[in-house]
*Asks:* 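If you scroll down you'll find the structure; I have some questions about it.
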Amino acid sequence: MDAPRKLQVGEFTIAFLSDGIWRNDGGCMFGVVPRELWQREHPADDQNRIRLNLTCPLIMRGNEAIVVDTGIGNRLSAVERKIFAHGDGWLAGGLKALGMEPGDVTHVILSHLHFDHCGGIVMRRESGTFAAAFPRARIFVQRGELEVARDSRNERLRAAYRHIADCLEPVNELIEALDGDTEIVSGVSAIVSGGHTADHQLAVVQSRGESFVHLADIVPTRSNMRGPWNQAYDLDALRTMEQKAKWLARAVAQRWWVSFAHDERVFAAQVNNDRGRLVLGTALEVPPGLDGL
Ligand SMILES: [Zn+2]
């Protein structure tokens, strides 16, 4: 595996790990937007699925190694692997290509607890049991997200967290519940956005006048930069729109780097305003060869 692509943000080096390419229903990714519009940029296969990435930024400074989101991992059943066209996950391979191992990861920030963001927090052993994928990391997630994931009486919410026992039990001791915006290490913060889920959070890096934000499922692909292009999964699409407008405006004005959780072509980019339309500027592209199945 080639070494992950990197970006320098002040004193931090950010390496873009990928948990691999997967596929998901195009309609789910773009909500109210008709297929006719999204399929030009994101051609669908015969099952209406589009190609997506699982981008997990690794933020490094000295001995600090902070992973943001963990992809799907290797916990899917054979049937689920077919549905999502995803194999075993690539995070460990990406770390290895950097000369690191899972035990070197010091912190994990989980934007939220959907299976494509927290699945890789655990690793399925050959025996079928699960172990912590990053055994020495402190894991940061909003308390409200944990509460909804663990115990919701709402049918829709419950369905979105079917995987949660697999993912949380092996790492219970490592989890630190956050109550709102929190600085994780100096220069790296978890900032609550809401929108996609009520307590969805972003990761923000600021150092020596340079900045980076991982917008996770607020702007999952480059196409989701457009206001009304929101995932059908969003619990509060209007809040998602507000948040993306705010962060993308800041990114344009202050030359922030922005990364996309699921864009199959671009890990991260700077954003320009071209006569009222947001377009990508300098971009860090996803290399070929990350397809798992
Ligand atoms: Zn997602």
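This one's a predicted model, so the numbers in the text were calculated from it and none came from an experiment. Throughout, numbering of the chain's residues begins at 1 and tracks the sequence. Whatever order the structure lists ligands and atoms in, that order sets their numbers, starting from 1.
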*Asks:* Quick check: does His117 have an N/O/S atom under 2.8 Å of the Zn ion (ligand 1)?
*Replies:*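 Under 2.8 Å: His117 contacts the Zn ion (ligand 1) through an N, O or S atom.
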*Asks:* State, without any angle test, whether His117 and Thr70 hold a side-chain donor-acceptor pair at a distance under 3.5 Å.
*Replies:*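 Distance-only check fails for His117 and Thr70.
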*Asks:* If only side-chain N and O atoms count, and only distance matters, is there a donor-acceptor pair under 3.5 Å linking Arg250 with Gln254?
*Replies:*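 No donor-acceptor contact under 3.5 Å links the two side chains.
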*Asks:* Given Arg75, which partner from the list Ile121, Asp88, Asp166 fulfils the side chain to side chain contact (heavy atoms under 4.5 Å, CB included) test?
*Replies:*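 Of the listed options, the one satisfying the test is Asp166.
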*Asks:* Give every residue pair that meets the ring pair (Phe, Tyr, Trp, His ring centres under 6.0 Å) criterion with at least one member in residues 147-180, sequence neighbours excluded.
*Replies:*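 Output for this query lists His114-Tyr161.
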*Asks:* Round to 10° and report the angle made at the Zn ion (ligand 1) by NE2 of His262 and OD2 of Asp116.
*Replies:*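 The NE2/OD2 angle about the Zn ion (ligand 1) sits at 90°.
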*Asks:* For the Zn ion (ligand 1), find the closest N/O/S atom on Asp217 and give its atom name.
*Replies:*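 Of the nitrogen, oxygen and sulfur atoms in Asp217, the Zn ion (ligand 1) lies nearest to OD2.
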